[in-house]
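Notes to accompany the following structure.
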Amino acid sequence: MEMSDISVEQIIKQKASNNSIIFKVVMIIACILAATTIPSTQSFGFLVLCLLVVFTAMLFRHYKIEIEYAIVDNELIIDKITARNSRRRCGRYSLEKAELVAKKDSQAALRMAHKDLRTYDYTSRENEENIVVIYTYNDNNEMERILLEPNERIIERIKEIVSKQCYKLDEN
């Protein structure tokens with residue numbers, strides 16, 4: 001078995017965005033208001049309350065998001081898992097094309113931060129200190145900035161794949 005045949009995976013839970021918190025609060029308030037109108041609206045109010053409760057439950061499930069990192073055949077594959085049953089491919093990045101792999105607040109990353117690039121945030125949105133930034137080229141040969149929170153196994157695998165001059169995680 002070659003080193004390129006080894007695959008590693010990691011799943012992280014992503015904190016809900018500020019917009020989702022607003023939607024959740026609005027739906028809860030709507031449920032409360034619908035419940036208070038049942039005495040005057042009777043069966044119509046009860047029907048509206050039931051629908052709102054169902055939509056609120058669906059909304060809460062929809063915002064349970066996990067991000068999966070997988071490295072297979074020298075490619076970083078990122079999937080978004082919603083409500084533990086819906087999987088969507090977010091990106092597929094060739095690590096061999098990486099220009100830089102560094103901590104987000106390192107000098108090397110700060111030198112590249114001024115570039116106007118598409119940025120993809122695949123982090124938990126909770127812990128700023130463990131964020132790794134990868135500058136790499138996509139299939140259209142456009143550079144992109146990818147933010148991750150990889151564990152040690154993913155970091156070791158990235159180190160094996162990217163060139164030594166691009167790997168700056170050991171530096172400040």
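Sequence positions, counted from 1, serve as the residue numbers for this chain.
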For Arg61 versus Ala83, what's the shortest heavy-atom pair and its separation? O-CB, 3.2 Å

Any chance you could measure Thr123, atom OG1, to Ile131, atom CD1, to the nearest 0.5 Å? 4.5 Å

Taking every non-hydrogen atom, the tightest pair across Val133 and Ala109: CG1-CB, 3.6 Å

Examine distances only and state if a side-chain atom of Tyr69 and a backbone atom of Tyr122 form a donor-acceptor pair shorter than 3.5 Å. yes

Is it true that Ile81 and Ile67 fall in one hydrophobic cluster, defined by side-chain heavy atoms closer than 4.5 Å? no

Any salt bridge (Lys or Arg N to Asp or Glu O under 4.0 Å) involving residues 8-32? Give me the pairs, sequence neighbours left out, ordered by first then second residue. none

Going only through I, L, V, M, F, W and Y residues with side-chain contacts under 4.5 Å, is there a path from Tyr137 to Tyr120? no

So, are Lys159 and Glu156 salt-bridged, with charged N and O less than 4.0 Å apart? no

Met143 versus Glu99, closest heavy-atom pair with distance: CE-CG, 3.3 Å

Check: Ser106 side chain, Ala102 main-chain N or O, donor-acceptor pair, under 3.5 Å: no

Closest non-hydrogen atom pair between Cys31 and Val53, with its separation: SG-N, 3.9 Å

Using the rule side-chain contact (heavy atoms from CB on, under 4.5 Å), only one of Leu95, Leu100, Asn74, Leu169 pairs with Val162; which is it? Leu95

Donor-acceptor contact present, side-chain Ser86 to main-chain Thr82, <3.5 Å: no

Between Glu149 and Asn130, is any side-chain donor less than 3.5 angstrom from a side-chain acceptor? no

CD1 of Ile77 to SG of Cys90, rounded to nearest 0.5 Å, is 12.0 Å

Quick check: is Ile158 connected to Tyr135 through a chain of hydrophobic side chains (ILVMFWY, heavy atoms under 4.5 Å apart)? no

In short, Thr37 meets Ala34 closest at the heavy-atom pair OG1-O, 2.8 Å

Trace of the side chain to side chain contact (heavy atoms under 4.5 Å, CB included) decision for Ile38 with Phe44: CA-CA 8 Å; Ile38 288 177; Phe44 178 73; over 6 Å; no

Would you say Asn151's side chain and Arg153's backbone share a donor-acceptor pair under 3.5 angstrom? yes

Report the distance from atom CG of Asn138 to atom OH of Tyr93, rounding to the nearest 0.5 Å. 8.0 Å

How many angstroms lie between OG in Ser94 and CD1 in Ile161, if you round to the nearest 0.5 Å? 8.5 Å

Leu52 and Ala30 have their tightest heavy-atom pair at CD1-O, 3.5 Å

Less than 4.0 Å between a side-chain N and a carboxylate O, is that true for Arg87 and Glu68? yes

Leu148 side chain reached by Ile134 side chain, heavy atoms, under 4.5 Å: yes

So for atom CZ, which belongs to Arg89, do other residues, nucleotides or ligands contribute more than 12 heavy atoms lying within a distance under 6.0 Å? yes

What about Ile146 and Met112, same hydrophobic cluster or not, with Ile/Leu/Val/Met/Phe/Trp/Tyr joined at side-chain heavy-atom distances under 4.5 Å? no

Taking Arg145 for its side chain and Lys115 for its backbone only, find out whether a donor-acceptor pair lies under 3.5 Å. yes

Can you tell me how far CZ of Phe55 sits from SG of Cys50, rounded to the nearest 0.5 angstrom? 12.0 Å

Taking atom OH of Tyr63 as the centre, report whether more than 12 heavy atoms of other residues, nucleotides or ligands fall under 6.0 Å from it. yes

Transitive ILVMFWY side-chain link Leu147 to Val101, under 4.5 Å: no

Asn85 atom CG, neighbour heavy-atom count above 12 within 6.0 Å: yes

To the nearest 0.5 angstrom, please state how far the CD atom of Glu66 sits from the CD atom of Gln14. 10.5 Å

